[in-house]
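To find a chain, count down the sequence lines: A is the first, B the second, and so on, and within it residues start at 1. Just so it is clear, the model here is predicted, and its values are computed rather than measured.
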Amino acid sequence: MKPFTQNIQSLYQAHKQELAGSDQPQIAAKRETAANHFFQTELPTRKYETWRHHAIDELVSEKYDIQTQPSPYQPVNEYFKCELKNINANTYTFLNGWYVHENSPLTVFDNGMIIGSLAEALKSHPALVSEYFAKQDIEKNDNLLSLNEALFTDGLFVYIPDNLSVEIPIQLISIVHCFSPLLVQQRNLIVIGKNSSLSLVQCDDSFKNCESFINNVTEIFLQQNAHLHYYKLENKDEKSLLVNQVYVNQSEYSEFVANTITFNAGFVRNSMNVNLNEPEATTKLYGLYLVDKEQYVDNQIFVRHFAPNCTSYQLYKGIADDKASANFNGHIYVAPNAQQTNAYQSSKNISLTDEARITTQPFLEIYADDVKCSHGSTVGQLDEEALYYLRSRGICERNARRLLLFAFANEMAEFVDIESLRERLNDMIRRRLSGELTICDNCRLHCSAEHHFSFENISIKL
Amino acid sequence: MLQMLEINNLHVSIKGKEILKGVNLKVNRGEVHAIMGPNGTGKSTLASVIAGKELFEVTEGTITYKNKNLFDLSIEDRAREGIFVGFQYPVEIPGVSISNFMKTALNEIRQYRGLPPLTASEFLKLMEEKKKVVELTAKLSNRSVNEGFSGGEKKKNEIFQMAMLEPELSILDETDSGLDIDALRIVANGVNQLKTKETATIVITHYQRLLDYIVPDVVHVLFDGKIVKSGPKELALELEEKGYDWIKQEYEQGKLI
């Protein structure tokens, strides 16, 4: 057993009695199974196909701690309310994997919506939660799923009942702040009932250079004709290790749309797993990553068509500068009975220097014979003819490059339905490409220009 | 100062192959020059070298523009000094809107000349005004540069840009190719509207037809990398009637320069 695993084992033994759901045999059993699975399999290494470009086991610390209790309440959500202009979002903030609230860990609304802490929901709504919670097969997924399942602390729980169109988006902000190596594992569970719809905006942000390993899992269930638009914004410092695993389970006629946007990264791995379980479901996965210096971002897509007449669409774009590297792995599986499947995949990349490295790998596994599947990948440089054309009209080379890079990247903002968020993204992409987005050390997302917030005032209890 | 452009003994190669073999040309303010010639004789190369395309290697000769050595100026500085090349095949740039493109270009040119940037409303007003020059009716603000444009629209868009940037020296590289009669008239009218006593125009074309609309002061024949014959506008008519074969023959017999 490697030192990392040994450390996890001792953390698990020391804390398993106090982890969320430990008083429920069903949940405790799931944790136990997951823990044992992880102790056996350990962290993935380069020998794993989807980890061969970058191995997390070479990057982790041997002495992570976990925060087993929430920090005393501080009004962090006030400071981190992303100023998405004119967007009236309900914000839920998590600090080191714990929901930050004053006195209301979980809210049950009049219309039947339930939103708040998963740890609390496990206590107060055990029947409802266990219907959906931890339904992914840990044997068939990444070992990091079992790591999360064994030791997660808290996370966002959203339950939208049937026939409810939620107009106001939900914003989930995850912040990590630590003084010594910290393992943060948030577990989110999103359930959208029949004919209901929701927009969810998730911001992953970090403060200072804090040595953390974030291994989040989000499980999403879309029932018949449910719609979820999921926006994920990641802006992490160079020291952070972030793994975001999303598992989506779709029923018939449901629609899932995801925009995963990574502005800065230490090591970021987005793993997006979509199961199209019933006919006529649609999934659209969009992604953009802009990395420089020595940042690394990895997008792992796994779309499984288990039923006929479903559509999946993937468009990922990336720009790598300096010595940054990026990886895209798009796996589409079409089961033998999933006839009339439409599956498209496109990965387009620009590598700005000789040292930047981008790998992109389509992987189509098709067992049905009446399907439409297509894929395309490109890694290239900026179009020299276009640069020449712009310069010949008086635009300097630097600005010509920016215009072209912005045009390339900004296409992804066009898929954002919330207008104020789209405008904000336009602005962030523009500033990212001109090197301005990292200026402010305090808040990388520039969430609150007016509040200069200092973490020194907060006592973090580990 | 009357003289604007002087090209002396210009030799240009691409990948070791010599395309221009000693071009001489003088253009004064207020003049319109036409450069004609068969395919592959270096007409577009000449336009590209003046614009500053880096693909070409100048092996000999000089180009003086407004008393400056043109080769000392970057591509963008040539544009800022008032050179405009209307391209034969304008490139499509998805995602860059025409208005953003023109605003960036115009403001960089203004900054170079020590002028303040245009306000948003001044810019919009200017766009609307200049669209009329080439009878453009489409909304340009949301359209990407040349993307999905027909051949005619692309050429109109080139002249629209010329109207926006108000160059001193305009070089139109086969702006008439691919245009129907109506579009040809519109493009030519646009060029004529923009002509002043202070500006000069070089029209590169295969056909005399365009010169019915844009009347040249001088017609040059570019052949085998050199200007082998120059004459008044009637030379264009003669070429239209007799083709280029007689030029070739006279050139080979050493009757031309």
Side-chain angles (χ1 to χ4, degrees), chain A residues 259 261 286-290 315-319 346-350 352 376 378 380-416 419 422-423 425-434, chain B residues 47-56 73-113 142 144-147 154 157-158 160-167 170-171 173:
Chain A
N259 296 64
I261 296 172
Y286 303 109
L288 173 68
Y289 37 95
L290 307 174
L315 173 60
Y316 275 72
K317 280 188 164 187
I319 301 173
S346 174
S347 152
K348 297 177 182 174
N349 299 279
I350 293 178
L352 291 174
T378 55
Q381 283 78 42
L382 282 181
D383 181 354
E384 290 295 328
E385 284 296 315
L387 270 178
Y388 166 62
Y389 190 78
L390 295 174
R391 291 179 68 194
S392 77
R393 299 298 183 246
I395 299 173
C396 70
E397 188 175 356
R398 196 181 151 90
N399 283 342
R401 283 184 182 282
R402 275 187 198 163
L403 267 177
L404 293 179
L405 287 174
F406 178 74
F408 174 82
N410 198 50
E411 185 194 349
M412 303 315 293
E414 301 305 313
F415 299 112
V416 171
E419 197 185 340
R422 184 170 60 241
E423 282 168 9
L425 278 175
N426 284 166
D427 182 51
M428 288 172 81
I429 293 170
R430 198 185 308 276
R431 281 190 291 139
R432 177 66 181 97
L433 292 174
S434 54
Chain B
S48 295
V49 167
I50 296 172
K53 190 159 189 172
E54 283 144 352
L55 192 68
F56 299 98
L73 300 174
S74 64
I75 301 172
E76 51 268 34
D77 280 351
R78 295 180 196 195
R80 293 161 179 177
E81 286 286 350
I83 293 178
F84 179 91
V85 176
F87 293 105
Q88 187 178 358
Y89 304 109
V91 57
E92 297 191 9
I93 313 182
V96 176
S97 71
I98 296 171
S99 57
N100 194 13
F101 170 37
M102 279 295 103
K103 198 172 181 179
T104 310
L106 202 56
N107 283 339
E108 283 202 40
I109 291 171
R110 289 178 66 88
Q111 191 185 14
Y112 182 83
R113 295 174 187 169
N142 297 323
S144 292
V145 177
N146 294 322
E147 194 190 25
K154 282 182 184 170
N157 187 32
E158 292 293 286
F160 166 72
Q161 291 174 34
M162 175 178 157
M164 288 295 289
L165 304 179
E166 297 181 326
S170 303
I171 300 162
D173 187 6

dist A/L403:CG -> B/T104:OG1 (nearest 0.5 Å) comes out at 4.5 Å
Note: A/G394 and B/I109 closest approach over all heavy atoms is CA-CG1, 4.3 Å
Would the number of heavy atoms belonging to other residues, nucleotides or ligands and lying under 6.0 Å from CZ of A/R398 be above 12? no
Interatomic distance, CG@A/L387 vs CD1@B/I93, rounded to 0.5 Å, equals 8.5 Å
| said: Side chains of A/Y389 and B/N146, heavy atoms from C-beta outward: is any pair under 4.5 Å? | reply: yes
Separation between OG (A/S392) and CZ (B/R78), nearest 0.5 Å, reads 11.0 Å
Bottom line for B/P90: the part with an atom under 4.5 Å from chain A's heavy atoms is both
Would B/F101 and A/I395 satisfy side chain to side chain contact (heavy atoms under 4.5 Å, CB included), going step by step from the backbone distance to the final call? CA-CA 9 Å; B/F101 170 37; A/I395 299 173; 3.7 Å; yes
d(A/E384 CD, B/K53 NZ) to nearest 0.5 Å is 10.0 Å
Which of B/Q161, B/E76, B/E108 passes side chain to side chain contact (heavy atoms under 4.5 Å, CB included) with A/R393? It is B/Q161
If one checks every heavy atom of A/E414 against chain B at 4.5 Å, the contacting part turns out to be neither
In this structure, CD of A/E385 is separated from OH of B/Y89 (nearest 0.5 Å) by 12.5 Å
Residue from B/V96, B/V85, B/D77, B/I75 scoring the most non-hydrogen pairs under 4.5 Å with chain A is B/I75
If we only count heavy atoms from C-beta on, is the B/S48 to A/Y388 side-chain gap below 4.5 Å?
yes
Under 4.5 Å to a heavy atom of chain A? For B/E81 that would be neither
Turns out that what part of B/E158 lies under 4.5 Å from chain A's heavy atoms comes down to side chain
